Amino acid sequence: MIVAIFKTDIVQEKEAQEIVEQLKNKLPTYEINFDLEDCDNILRVYGKNDKTNFVVRFMSNMGFQCSPIL
């Protein structure tokens with residue numbers, strides 16, 4: 001299982017829920033969640049393959065900033 005962790009500029013729970021829903025439509029076998037209580041508004045993506053580039057492009061296309069945390 002690969003875990004990708006991202007710093008985002010998502011601040012509202014509603015936005016986070018919408019993004020999770022849309023990402024799950026694109027990556028149905030992945031577990032995806034936000035931690036908006038963290039200072040970096042963390043997005044976590046768990047799955048079999050590394051989808052870092054896909055997630056960064058997806059978030060950028062949605063108008064949000066997203067960068068991987070190593």
Side-chain angles (χ1 to χ4, degrees):
M1 183 74 72
I2 294 175
V3 179
I5 302 172
F6 304 89
K7 176 180 179 176
T8 74
D9 64 347
I10 303 293
V11 293
Q12 295 186 16
E13 185 66 36
K14 183 178 179 181
E15 288 177 328
Q17 289 173 352
E18 290 173 7
I19 295 219
V20 167
E21 186 177 309
Q22 290 182 32
L23 278 171
K24 284 185 176 183
N25 284 337
K26 303 279 186 190
L27 303 169
T29 62
Y30 286 67
E31 183 178 332
I32 302 163
N33 62 59
F34 274 93
D35 180 357
L36 298 182
E37 293 182 19
D38 184 276
C39 65
D40 290 328
N41 301 317
I42 296 295
L43 167 63
R44 291 184 189 89
V45 179
Y46 305 83
K48 290 184 178 183
N49 299 304
D50 182 9
K51 295 294 184 183
T52 299
N53 292 333
F54 174 83
V55 172
V56 170
R57 280 193 314 271
F58 175 85
M59 292 290 287
S60 177
N61 289 340
M62 297 292 294
F64 297 105
Q65 293 181 351
C66 176
S67 57
I69 296 175
L70 303 176

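Note that this is a predicted model, so its numbers are computed, not measured.
L27 and Y46 end up in different hydrophobic clusters when Ile, Leu, Val, Met, Phe, Trp and Tyr side chains are linked at under 4.5 Å. No chain of hydrophobic side-chain contacts below 4.5 Å, direct or via other Ile, Leu, Val, Met, Phe, Trp or Tyr residues, connects I42 to L23. Following chains of ILVMFWY side-chain contacts shorter than 4.5 Å, one cannot reach I19 starting from I5, and the two form parts of different hydrophobic clusters. No continuous path of ILVMFWY side-chain contacts below 4.5 Å connects V56 to I69, so the two sit in separate hydrophobic clusters. Using a 4.5 Å cut-off between side-chain heavy atoms of Ile, Leu, Val, Met, Phe, Trp and Tyr, with links allowed through other members, V20 and M62 fall into the same hydrophobic cluster.
The structure places CD of E21 at 11.0 Å from CD1 of I32, a figure rounded to the nearest 0.5 Å. Between atom CG of residue L43 and atom CZ of residue F58 there is a gap of 10.0 Å, rounded to the nearest 0.5 Å. Here the straight-line distance linking atom CD of Q22 with atom CD of Q17 works out to 12.5 Å at 0.5 Å rounding. Here the CZ-CZ distance, from R44 to F6, works out to 12.0 Å after rounding to the nearest 0.5 Å. A distance of 14.0 Å separates CZ in R57 from CE in M59, rounded to the nearest 0.5 Å.
When all heavy atoms are compared, the tightest approach of V55 to C66 is CG1-SG, 4.2 Å.
At most 12 heavy atoms of other shown residues, nucleotides or ligands fall within 6.0 angstrom of atom CD in Q65.
Side chain of N41 to main chain of V11: no donor-acceptor pair is present (N/O by atom type, distance under 3.5 Å, no hydrogens or angles). For the pair D35 (side chain) and E37 (backbone), a donor-acceptor distance under 3.5 Å is present.
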